[in-house]
Amino acid sequence: MTVERAGFPYQFTPQTCGSCPGNCCRGREGYIWVTVEDIARQAAYLQMAPEDFTREYVRRAEGRFSLQERKSDGEYLCCFFNPDERRCLIYPVRPNQCRTFPFWESFRTDPADVLKECPGVRLRDEEA
Ligand code: SF4
């Protein structure tokens, strides 16, 4: 099954995630933006008080909230990414940024980075 979005020059095959090392949850230092509502949902999912969750897993950046990242072997991993099992530990309540990947506005006009990062992304009329 492939997924397409109007206005995006590429398609995405979700099944590819099964063999991917989790490229979208690791790599260069970055931000995993969360809202106050996300924090409440994620804290509840982990049965934590929002203030404890925030202290342990959230940082302020550019006037917003981002999930923490940890550095390992020269790359940055989301604090909720389990690299051994290649899975997200808060998948059912992951933030919108993660749910909408790889159809991000930043990739709409220039998909070069996402074509490099995600093995499940191909330009629309490119033969598999
Ligand atoms: S919240 Fe989950 S899906 Fe999003 S970057 Fe972290 S590990 Fe990946």
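Remember, predicted model here, so these are calculated numbers, not experimental data. Whatever order the structure lists them in is the order used to number ligands and atoms, beginning at 1.
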- Query: Would Glu37 and Thr35 satisfy side chain to side chain donor-acceptor pair (under 3.5 Å), going step by step from the backbone distance to the final call?
  - Reply: CA-CA 5 Å; Glu37 294 75 22; Thr35 62; 3.3 Å; yes
- Message: Set out, in order, the CA-CA distance, both residues' side-chain angles and the distance that settles salt bridge (Lys or Arg N to Asp or Glu O under 4.0 Å) for Glu62 and Arg64, then state yes or no.
- Response: CA-CA 5 Å; Glu62 300 177 9; Arg64 300 169 66 183; 5.6 Å; no
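Counting non-hydrogen atoms of neighbouring residues, nucleotides and ligands closer than 6.0 angstrom, the OH atom of Tyr91 reaches no more than 12 such neighbours.
Taking the six-membered ring where tryptophan is involved, the planes of Trp33 and Tyr31 are essentially parallel, since the angle between them stays under 30° and well short of 60°. The aromatic rings of Phe107 and Trp104 lie parallel to each other, their planes meeting at an angle below 30°, with 60° marking the opposite boundary. Taking the six-membered ring where tryptophan is involved, the planes of Phe80 and Tyr57 are tilted, since the angle between them lies from 30° to 60°.
Annotation: protein N, O or S atoms under 2.8 Å of atom 2 (Fe) of ligand 1 (waters excluded) comprise Cys88 SG.
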